[in-house]
Amino acid sequence: MSATLEDGKLMDSFSTVIRTASHEQHTEAETSTFMSDLLGGRLGVEAYARYTEQLWFVYEALEAGADRLTCDPVAGPFIRPELFRLAALERDLAHLRGAGWRAALSALPATAAYAARVRRCAEQWPGGYIAHHYTRYLGDLSGGQIIRDKAEKAWGFARKGDGVRFYVFEEIANPAAFKRGYRELLDGIRADDLEKQRIVAECKRAFALNTGVFGALGEEFRLSA
Ligand code: HEM
């Protein structure tokens with residue numbers, strides 16, 4: 001399957017190109033040891049809390065730079081407050097770790113690298129920022145719902161309550177419709193084909209950064225054989 005013509009023009013819609021290009025890495029992330037163990041109910045709530053802490057660093061980087069990008073012609077249309085996750089993550093962390101959660105928060109080196117890359121894109125490259133935005137938020141709206149369901153069952157969180165608020169998009173009544181709208185935004189992105197290819201490459205990097213975090217968490221929460 002080829003996504004480009006000889007002159008470098010993209011054949012498929014951009015949302016299809018980006019989705020197809022990251023498909024293999026999606027499977028890799030989904031089936032990583034840490035995710036499989038976590039969702040298979042083989043890890044304790046401590047592992048889930050540690051993972052949630054790592055997410056805080058990623059979303060802090062994504063959302064701290066968002067305000068400045070609202071007027072950007074490329075990234076601006078993607079900045080939608082109903083997607084913001086930081087407040088929900090903070091509620092979850094207060095529930096998981098207690099009121100002093102912030103003092104005990106620490107980023108794994110893989111997480112620090114991921115957050116630094118997101119921040120750099122937010123500051124210097126709106127197209128790259130979109131790649132990270134897509135990788136996180138569209139994933140959260142999709143597979144995130146599976147993770148929420150498993151987490152509620154495994155560790156007894158109230159349905160859509162504290163502990164799993166990160167996965168609950170209170171202001172998005174119809175996630176399927178939202179995702180359709182998001183793909184239309186991707187398809188209408190103001191970027192030439194070369195820039196689109198760079199964005200796809202950044203999306204792959206975003207997936208690799210996620211896999212890196214899973215790898216580090218897998219090391220920390222290794223199950224004895
Ligand atoms: C166990 C973990 C995961 C599960 C069960 C899962 C599952 C899913 C499912 C069911 C979809 C919906 C596909 C569709 O709309 O047809 C999806 C989409 C997506 N996931 Fe995941 N996922 C997981 C992890 C991840 C991770 C770690 C990332 C990246 C950080 C990610 C990023 C995405 C993206 C970007 C999409 C949207 C694809 C598109 O329609 O363009 N997912 N996921």
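Every number for a ligand or one of its atoms is a count from 1 in the order of the listing. Starting from 1, each residue takes its place in the sequence as its number.
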Nearest heavy atom to atom 25 (C) of ligand 1, choosing from E30, H26, H133, belongs to H26
Should the pair R85 and W56 be classed as cation-pi, given the thresholds of under 6.0 Å to the six-membered ring centre and 45° from the axis?
no
Looking at atom 28 (C) of ligand 1, what's its closest protein heavy atom, distance included?
F207 CE2, 3.8 Å
Evaluate whether atom CD of E24 has more than 12 neighbouring non-hydrogen atoms of other residues, nucleotides or ligands under 6.0 angstrom away.
no
Can you check ring pair (Phe, Tyr, Trp, His ring centres under 6.0 Å) on F14 and Y134, steps first, answer last?
CA-CA 12 Å; F14 186 55; Y134 162 78; 8.4 Å; no
Can you list the atoms of ligand 1 that are under 4.0 Å from a heavy atom of L39?
1 (C)
Closest heavy-atom approach to atom 11 (C) of ligand 1 among S36, A206, G144, S142 is made by S142
Atom 26 (C) of ligand 1 has as its nearest protein heavy atom A29 CB, 4.3 Å
For K179, counting its heavy atoms only, list the atoms of ligand 1 lying under 4.0 Å from any of them.
15 (O)
Of G143, S15, C203, G139, the residue with the heavy atom nearest atom 36 (C) of ligand 1 is G139
Using 30° and 60° as the class boundaries, would you call the ring planes of Y48 and F157 parallel, tilted or perpendicular?
tilted
Which atoms from ligand 1 have a heavy atom of R183 less than 4.0 Å away?
15 (O), 39 (C), 40 (O)
Which ligand 1 atoms does N210 reach within 4.0 Å, using its non-hydrogen atoms?
30 (C)
First locate atom CG of L38, then atom CG of L43, and finally report the distance between them rounded to the nearest 0.5 Å.
5.5 Å
Go through ligand 1 atom by atom and flag the ones less than 4.0 Å from a non-hydrogen atom of I146.
5 (C), 10 (C)
What distance separates S142 OG from I147 CD1, expressed to the nearest 0.5 Å?
10.5 Å
Go through F34 and E219 one step at a time and tell me if the side chain to side chain contact (heavy atoms under 4.5 Å, CB included) criterion holds.
CA-CA 8 Å; F34 180 75; E219 289 291 311; over 6 Å; no
Is it true that E90 and R165 make a salt bridge, defined as a side-chain N closer than 4.0 Å to a carboxylate O?
no
Counting from 1, what ligand 1 atoms have a heavy atom of M35 closer than 4.0 Å?
1 (C), 2 (C)
Pair Y129, E123 - check side chain to side chain contact (heavy atoms under 4.5 Å, CB included), show working.
CA-CA 9 Å; Y129 179 81; E123 285 166 4; over 6 Å; no
Any atom of ligand 1 sitting under 4.0 Å from a heavy atom of Q145?
no
Within-shell test, F214 vs ligand 1, heavy atom, strictly < 4.0 Å:
yes
Heavy-atom proximity to atom 14 (C) of ligand 1, picking from H23, Q25, R19, points to R19
Please walk me through it: do D140 and Y59 pass side chain to side chain donor-acceptor pair (under 3.5 Å)?
CA-CA 12 Å; D140 300 332; Y59 285 84; 2.3 Å; yes
Below a 4.0 angstrom heavy-atom separation, can you tell me which part of Y134, side chain or backbone, both or neither, approaches ligand 1?
both
Taking heavy atoms and a distance under 4.0 Å, where does T135 meet ligand 1: side chain, backbone, both or neither?
both
